Amino acid sequence: MAFDPSQLPSLLNPEQLRAATHTGGPLLVLAGAGSGKTRVITYRIANLVLAHGVEPWRILAVTFTNKAAGEMRERLERLLGPSAGEAWISTFHATGARILRRDGEIIGLPRSFVIYDEADQLAEMKRVMKAAGVDPKLVDPRKVLHRIDDAKNHGRTPDDLAKRPGWDELSRVTPDLYRRYQKALAGAGAADFGDLLSRLVELFEKAPDVLQKYRARFQHVLVDEFQDTNQVQYRLLKMLAGDGRGLCVVGDDDQAIYRWRGADVSNLLTFPDDFPGAEVVKLERNYRSSQVILDAAHAVIRQNRNRMDKRLWTDSSGGAPLELFVARDERSEAERVADMVRASLQRGVDPLEIAVFYRTNAQSRVLEEAFRFGRIPYVIVRGRSFYERAEVKDLAAYLRLALNPLSNADALRVINKPARGIGDTTVGRVEAAAAAWGVSIVDACRQGPQVPGLAAAAQRKVQAFAQLVDRLARLAGSEASAGEVAEAALRESGMEEAFLADGTDESMDRLDNVRELVGAAREWDESWEPSPDPEEAATPLAAFLEQIALLGDADEKTAGPKVALMTLHASKGLEFEEVFLTGMEETVFPHVRSIREAEGGDDGVGDPEGLAEERRLCYVGFTRAKRRLVLSLANCRALFGELKFNEPSRFLGDVPRELFGAATSLPAPRASAGVHVIYDQYPEAEADIDLGDEDGFEDRYTIDYSFDQRPAPQPARPAVRAPARAGPPRSAQATRLAANGDFVAGTPVRHAMYGVGMVEEIEGDRASVRFPKVGVKRILTRFLEAV
DNA sequence: TGAGCGTCAATTAGC
DNA sequence: TTGACGCTCA
């Protein structure tokens, strides 16, 4: 083996070494950004195995994302070789699913249970509400689900909720809906993501012998990103870790940015109290960023109360100063960023080493436009996309049905996909019958003629659907591969035919997508091996579906190196040579909501935690940068179609002026925010604005814009801006037609959905417009724009 | 059954 | 401004 534990002292700094080699008691590793955390965890595991003789299968390492789990597994394989595969290295949810598949039958979860995603949950909740007679207009089903999820995160049952009734409608109905929802899931042999954890707690409580089995097995439990754990997760850890002898948690309270999703930093802050005698190791040496960047990050984060005292340092001193610019508006900001990025690329910086961050997804639009216009290859980094596409989910639903025909969410999803004449009325009758008989949707379909109210044609159609599911189930049961079942589903469901028959570009894209899923299933079959563990008697199809449910989008095949655009949240855990952090404005970042929360309502009682979390988010953003950090803001910004003038972000005011470099002169700070703003580093006074003419060429205007004037309350704005304000490329902001008399046959127009077409005829307030892809449509003229 | 249109709301997003 | 969703008419 390549790795020899005796080399550890030369591979790790003293603190890292202590964290990697400490044994015999609970351990909390406070790992600052870029302090070599993953390295410590992997060496720790390797050391346990090689120096202490711990068998790999006795080790459980949990992370929050599949990516983190994958990286850890990969690194460990390099140190330990194939035996690393025996360790359980996975996400909390995957761990939960794995244990529930083995032992969940004790609490009524079939081995073949399906995992409902958000869309499935929402659909199920809507049905539950309908059955319970709760008006979805009065009570938002999403909010109910959120309450339920929150309850699960805190380990609360419907009864617990019922004991503390609220005064509003939502609180009143939630306990009952929660109970009914769980019942519906049970009937469908399904679990949602929250259940993967909360039902595991339930299992451990109801079957102590099962808990004992796992507790005895896992001598060592390691947890990454511990500051992101919620209460159930911590509870599970405590259950599994017993006295905590073999428990090692790694985290950074300064990077806790998921409170809104149930995470509870106090898990980390109180760890030493929960496990008296716990060893605490701080990793403060940073191997990523320049000292300038670390100083800036520290200046921001030190304003927070209730944090573990620590400060990152690096021995590579200095570094380039921070950069800051104020743009006229968000378009100009985006263009400037694009220009700077282009300059970096021309200087030879690797596109993969450049990232642009923003607080909210909505901000990405202008940036995308600027990058597209500037021909800069970019990629929006976001979670899952492929498996979220409707057609992909449809085919996946057929696969899940093949394995678990009880799954009503899947049955209802595809009962009429492709359209096979089973309309809402028929579905409603089938649903009612299924509910009355206490059977699944597919079962009810099978009994076609027995379903009250069904016409003969409808009876035949639903029976045909049941037969389709039966056929697929038989195929899946006969140990067919995932690929074979997927192919059969695509063909026999009629999806393939329907896409081909439609023949539009869109349908062909969709067909490509579902075929890609079939391809993924085939690949899966080839690489799949049955687990040596007899408790895990999975088929390739079952394992494939598990991977889809838990892994989300596995394809990272972004062709070619591209600059990454992402939200600050998405940036956590990543690092780049050059980071552009945009929208450094009050109400954008920190977000309005957190500001309002902190200010409090009429009673004046505010909650500053949201703001503290925004501050941590800023810290996370800063510490992603290795060498260069560029901050930007816009003097005004179009938000929901309205112009807003925002103050510079308070976070800018926390950064010492000298970190921005001496070459730049500063205007007087804005009194209220006390922010240092460099206006002349990128002289926006010479701004180029494109107004774009019909001929597609841009006219360039130079405007005189003084930033030194405080824009509040009603700032004077350059006259030239008004007509062109905040415009995306000309085409999209074309003048809206006021009346139908404004154009005649032969006028080119644009429609939001169909794109550009030609007016053929006008009748009253409608126009017949011929579009290249969809032919002639009659459309109200107010939905048309002149081109 | 679905395209077309009105209405309403509006962080962040992992599994 | 964009988007998601639900109602309604052909």
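Protein chains get the first letters and strands the later ones, always in sequence-line order, with residue 1 at the start of each. Just so we're clear, the structure is a prediction, and the values are computed from it rather than from any experiment.
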Query raised in the report: Under the criteria of a ring-centre distance below 5.5 Å and an interplanar angle below 30°, is A:Tyr258 stacked with the base of B:dT12?
Result: no
Report task. Please step through side chain to side chain contact (heavy atoms under 4.5 Å, CB included) for the pair A:Leu237 and A:Phe92, ending with a clear verdict. Result -> CA-CA 10 Å; A:Leu237 287 175; A:Phe92 270 104; 4.0 Å; yes
Query raised in the report: Does A:His569 stack onto the base of B:dT12, taking stacking as ring centres under 5.5 Å apart and planes under 30° apart?
Result: no
Query raised in the report: When rounded to the nearest 0.5 angstrom, what is the spacing between CG in A:Leu100 and CG in A:Leu109?
Result: 6.0 Å
Query raised in the report: Hey, is A:Asp607 close enough to A:Arg259 for a salt bridge, meaning N to O under 4.0 Å?
Result: yes
Query raised in the report: Taking DNA chain B as the partner, which of residues 224-234 of chain A come within under 4.0 angstrom of it by heavy atom?
Result: none
Query raised in the report: Are any of A:Thr567's side-chain N or O atoms less than 4.0 Å away from OP1 or OP2 of B:dA13?
Result: yes
Report summary line: Residues passing the salt bridge (charged side-chain N to carboxylate O under 4.0 Å, His left out) test with A:Glu546, sequence neighbours excluded, are A:Arg101
Report task. Considering only NZ, NE, NH1 and NH2 on the basic side and carboxylate oxygens on the acidic side, decide whether A:Arg127 and A:Glu124 come within less than 4.0 Å. Result -> yes
Query raised in the report: Can you check the A:Asn416 CG to B:dT1 P distance for me, whole Å?
Result: 6 Å
Query raised in the report: Atom CH2 of A:Trp260 and atom P of B:dT11: how far apart are they, to the nearest Å?
Result: 12 Å
Report task. Select base, sugar-phosphate, or nothing to describe what A:Ile422 touches, counting heavy atoms under 4.0 Å on all strands. Result -> sugar-phosphate
Query - Phosphate-side-chain proximity, A:Asn361 and B:dT11, N/O vs OP1/OP2 below 4.0 Å - result: no
Query raised in the report: Do A:Glu225 and A:Lys572 sit within salt-bridge range, that is, some charged N less than 4.0 Å from a carboxylate O?
Result: yes
Query raised in the report: What's the CG-P distance between A:Leu574 and B:dG14, to the nearest Å?
Result: 12 Å
Query raised in the report: So, A:Arg596 and A:Glu599, do they make that salt bridge, N to O below 4.0 Å?
Result: no
Query raised in the report: When the distance from CZ of A:Phe193 to P of B:dG14 is rounded to whole Å, what number comes out?
Result: 11 Å
Query raised in the report: Taking the same atom, P, in C:dA4 and in B:dA13, what whole-Å distance lies between them?
Result: 15 Å
Requested in this report: Remember a base hit wins even if backbone is also touched, and classify A:Phe640 as base, sugar-phosphate or nothing at under 4.0 Å, heavy atoms.
Outcome: base
Requested in this report: Could you check how far CZ of A:Arg596 sits from C1' of B:dA10, rounded to whole Å?
Outcome: 11 Å
Query raised in the report: Between A:Thr587 and A:Asn646, is any side-chain donor less than 3.5 angstrom from a side-chain acceptor?
Result: yes
Query raised in the report: Charged N to carboxylate O below 4.0 Å: is that the case for A:Asp168 and A:Lys143?
Result: no
Requested in this report: Mark yes or no for whether A:Glu614, through its side chain, and A:Phe589, through its backbone, hold a donor-acceptor pair below 3.5 Å.
Outcome: no
Query raised in the report: A:Leu639 CG to B:dT11 C1': how many Å, rounded?
Result: 11 Å
Query raised in the report: Can you give one letter per nucleotide of nucleotides 4-10 of chain C, going 5' to 3': B for a protein heavy atom under 4.0 Å from the base, S for sugar-phosphate only, - for none?
Result: SSSS---
Report summary line: When A:Thr91 and A:Gly421 are each assigned the nearest nucleotide of DNA chain B, the 5'-most assignment goes to A:Gly421
Query raised in the report: Expressed in whole Å, how much space separates the C1' atoms belonging to B:dT12 and C:dC5?
Result: 23 Å
Query raised in the report: A:Met566 has an atom CE; how far is it from atom P of B:dT11, in whole Å?
Result: 21 Å
Requested in this report: To the nearest Å, give me how far apart CG (A:Leu568) and C1' (B:dG14) are.
Outcome: 16 Å
**Report entry** Inter-nucleotide C1' distance (C:dG6, B:dT11), Å rounded
**Finding:** 25 Å
Query raised in the report: At their closest point, which heavy atom of A:Gly189 faces which heavy atom of A:Asn404, and how far apart are they?
Result: O-ND2, 3.2 Å
Query raised in the report: Does a distance-only test, which skips hydrogens and angles, find a donor-acceptor pair under 3.5 Å between the side chain of A:Glu546 and the base of B:dC15?
Result: no
Query raised in the report: NA contact type, A:Glu614, heavy-atom cut-off 4.0 Å: base, sugar-phosphate, or nothing?
Result: base
Report summary line: Regarding the side chain of A:Ala419, the nearest nucleotide among B:dT12, B:dG2, B:dC15 is B:dG2
Query raised in the report: A:His591 or A:Thr425: which one's nearest nucleotide on DNA chain B is closer to the 5' end?
Result: A:Thr425
**Report entry** Donor-acceptor pair (no angle test) under 3.5 Å: A:Arg359 side chain, B:dT12 base
**Finding:** yes
Query raised in the report: Where the side chain of A:Arg365 is defined as all heavy atoms beyond and including C-beta, which of C:dT2, B:dA13, B:dG14 is the nearest nucleotide?
Result: C:dT2
Query - Contact under 4.0 Å: A:Asn66 side-chain N or O vs B:dC15 OP1/OP2 - result: yes
